[in-house]
Undergrad: 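This is the structure I want to talk about, given as structure tokens.
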Amino acid sequence: MKGEHIPHKMLGLDAFSTWLGIEILESHIGRCRVGMTVRREMLNSMGKAHGGISYALADTAFGFAANSHGKYAVSIETSVNHIEALEEGDYIEAESVIEKVNTKVGFNVIEVKRGDELVALFKGVVYRTHKDWEG
């Protein structure tokens, strides 16, 4: 399967990312940019987006980019720093770029943005398996 098509296949199989309303904005081998709108049911008790929302968006971008190299890849450690609170109706984007693949383990930093404003910083470590993505 061509790498740039893998994120689209993954999204079609991913009920959670589909529920979140994540859309693929750009997909190339080693690169994926995704976006979504914060909805009312994603807000916490303080009326702000639950921290898991920006985390999930970045994690999805990370997973899609890591898998686009053609092998199944799974995250083994991730973390997020929340910088700005998100409101209902905010549109956020995350882009993951994984250009060099030469080991079983890869590291990536993903910025989550609301327009040009950085709202979260996600860091992840991925393990690449030997299993190929098939069309």
Side-chain angles (χ1 to χ4, degrees):
M1 169 173 261
K2 290 186 176 184
E4 59 270 15
H5 299 300
I6 292 171
H8 295 279
K9 180 174 183 172
M10 292 177 73
L11 183 59
L13 298 170
D14 186 338
F16 181 66
S17 293
T18 300
W19 175 82
L20 286 171
I22 292 176
E23 57 185 342
I24 297 172
L25 304 173
E26 184 179 357
S27 176
H28 306 283
I29 295 173
R31 176 186 300 263
C32 191
R33 186 168 57 93
V34 295
M36 62 173 283
T37 301
V38 176
R39 299 188 314 266
R40 180 170 173 73
E41 62 266 33
M42 298 173 180
L43 303 181
N44 63 22
S45 60
M46 293 172 254
K48 305 295 180 186
H50 187 283
I53 298 303
S54 56
Y55 174 92
L57 182 68
D59 190 49
T60 297
F62 179 48
F64 287 178
N67 279 273
S68 71
H69 288 283
K71 301 285 185 187
Y72 275 57
V74 295
S75 61
I76 56 175
E77 182 178 1
T78 60
S79 65
V80 68
N81 299 99
H82 300 287
I83 299 164
E84 296 291 338
L86 296 170
E87 310 281 341
E88 180 180 356
D90 283 350
Y91 187 80
I92 55 176
E93 294 183 12
E95 182 175 23
S96 178
V97 180
I98 302 174
E99 294 175 346
K100 189 172 183 179
V101 178
N102 61 358
T103 64
K104 289 183 178 182
V105 178
F107 179 78
N108 196 224
V109 176
I110 297 142
E111 294 181 341
V112 179
K113 292 186 172 185
R114 173 177 47 202
D116 291 332
E117 180 185 23
L118 182 65
V119 297
L121 191 62
F122 175 100
K123 295 164 288 292
V125 179
V126 67
Y127 174 78
R128 295 181 189 92
T129 72
H130 294 290
K131 183 175 180 180
D132 291 323
W133 275 96
E134 297 178 11

Undergrad: According to salt bridge (Lys or Arg N to Asp or Glu O under 4.0 Å), who are the partners of Glu88, at least two apart in sequence or on a separate chain?
TA: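 Not a single residue meets the salt bridge (Lys or Arg N to Asp or Glu O under 4.0 Å) criterion with Glu88.
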Undergrad: Do the side chains of Phe122 and Thr78 get nearer than 4.5 Å, heavy atoms only?
TA: yes
Undergrad: Please report the closest heavy-atom contact between Gly47 and Glu87, naming both atoms and the distance.
TA: O-OE1, 4.2 Å
Undergrad: Compare every heavy atom of Gly21 with every heavy atom of Arg39, then report the nearest pair and how far apart it is.
TA: NH1-N, 3.9 Å
Undergrad: Are Glu117 and Glu84 packed together at the side-chain level, in the sense that at least one heavy-atom pair is separated by less than 4.5 angstrom?
TA: yes
Undergrad: For the side chain of Asp132 and the backbone of Glu134, is there at least one donor-acceptor N/O pair under 3.5 Å apart?
TA: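 Absent.
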Undergrad: Could you check if a side-chain atom of Tyr55 sits within less than 4.5 angstrom of a side-chain atom of His50, using non-hydrogen atoms only?
TA: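 They are not in side-chain contact.
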Undergrad: Going through the checks in order, is the side chain to side chain contact (heavy atoms under 4.5 Å, CB included) test met by Glu4 and Ile6?
TA: CA-CA 6 Å; Glu4 59 270 15; Ile6 292 171; over 6 Å; no
Undergrad: Any chance you could measure Glu93, atom CD, to Glu111, atom CD, to the nearest 0.5 Å?
TA: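 The CD atom of Glu111 is 12.0 Å from CD of Glu93, to the nearest 0.5 Å.
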Undergrad: Same cluster for Val34 and Val97 if Ile/Leu/Val/Met/Phe/Trp/Tyr side chains link at under 4.5 Å?
TA: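 No, Val34 and Val97 fall in different hydrophobic clusters.
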Undergrad: Between Ser96 and Ala61, which heavy-atom pair has the shortest distance, and what is it?
TA: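 So the minimum-distance heavy-atom pair works out to CB-O, 3.4 Å.
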Undergrad: Does a side-chain heavy-atom distance below 4.5 Å link Ile110 with Asn108?
TA: yes
Undergrad: Write down the atom of Met42, the atom of Val38, and the distance for their closest heavy-atom approach.
TA: SD-CA, 3.9 Å
Undergrad: Hey, are His28 and Glu26 close enough side-chain-wise for a donor-acceptor pair under 3.5 Å?
TA: yes
Undergrad: Do Leu121 and Val80 have side chains that get closer than 4.5 Å, going by heavy atoms?
TA: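 Heavy-atom side-chain distance check fails, nothing below 4.5 Å.
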Undergrad: From Cys32 SG over to Glu95 CD, what is the distance, rounded to the nearest 0.5 angstrom?
TA: 8.5 Å
Undergrad: Does one hydrophobic cluster hold both Tyr127 and Phe62, with members joined at side-chain heavy-atom distances below 4.5 Å?
TA: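 Each belongs to a different hydrophobic cluster.
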Undergrad: How long is the straight-line distance from CG of Leu57 back to NZ of Lys113, given to the nearest 0.5 Å?
TA: 13.5 Å
Undergrad: Near Glu41 CD, under 6.0 Å, is it more than 12 heavy atoms from other residues, nucleotides or ligands?
TA: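 Yes, enclosed.
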Undergrad: To the nearest 0.5 Å, what is the distance between CD1 (Ile24) and CE (Met10)?
TA: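 If we round to the nearest 0.5 Å, Ile24:CD1 and Met10:CE are 9.0 Å apart.
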Undergrad: Indicate yes or no: at least one non-hydrogen side-chain atom of Val112 is less than 4.5 angstrom from one of Leu118.
TA: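 Contact flag for Val112/Leu118 side chains = no.
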Undergrad: Is the shortest heavy-atom distance from the side chain of Val74 to the side chain of Val126 under 4.5 Å?
TA: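 Val74 vs Val126: side chains apart.
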Undergrad: Between Asn67 and Gly70, is there a donor-acceptor pair closer than 3.5 Å when you use the side chain of the first and the backbone of the second?
TA: no
Undergrad: Indicate yes or no for a side-chain donor-acceptor contact from Thr129 to the backbone of Lys131 under 3.5 Å, with no hydrogens or angles considered.
TA: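 Looks like yes, one N/O pair under 3.5 Å.
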Undergrad: Counting C-beta onward and ignoring hydrogens, is there a side-chain heavy-atom pair between Ser68 and Arg31 closer than 4.5 Å?
TA: no
Undergrad: Would you name the heavy atoms of Arg114 and Ile92 that are closest together and state the gap between them?
TA: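 So the two residues come closest at CB-CG2, 4.2 Å.
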Undergrad: Are Leu11 and Trp133 grouped together when hydrophobic residues (ILVMFWY) are joined by side-chain heavy atoms under 4.5 angstrom apart?
TA: yes
Undergrad: Give a yes or no answer on whether the side chain of Ser17 reaches the backbone of Ile22 with a donor-acceptor pair at less than 3.5 Å.
TA: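 Not at all, since once roles are kept as given, no pair shorter than 3.5 Å links the two residues.
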Undergrad: Treat each ILVMFWY residue as a node, draw an edge where side-chain heavy atoms are under 4.5 Å apart, and state whether Tyr72 and Phe16 are in one component.
TA: yes
Undergrad: In Å, rounded to the nearest 0.5 Å, how long is the span from NZ of Lys48 to CG of Asp90?
TA: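 Answer for the NZ-CG pair, Lys48 versus Asp90, is 9.0 Å.
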Undergrad: If I compare all heavy atoms of Asp59 with all of Ser75, which pair ends up nearest, and what's the gap?
TA: OD1-OG, 4.2 Å
Undergrad: Report whether Ile76 and Phe64 are members of the same hydrophobic cluster (ILVMFWY, side-chain heavy atoms less than 4.5 Å apart, transitive linking).
TA: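 No, Ile76 and Phe64 fall in different hydrophobic clusters.
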Undergrad: Would you give the length of the straight line joining atom OG1 of Thr37 to atom CD1 of Ile53, rounded to the nearest 0.5 angstrom?
TA: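 If I round to the nearest 0.5 Å, the distance is 12.0 Å.
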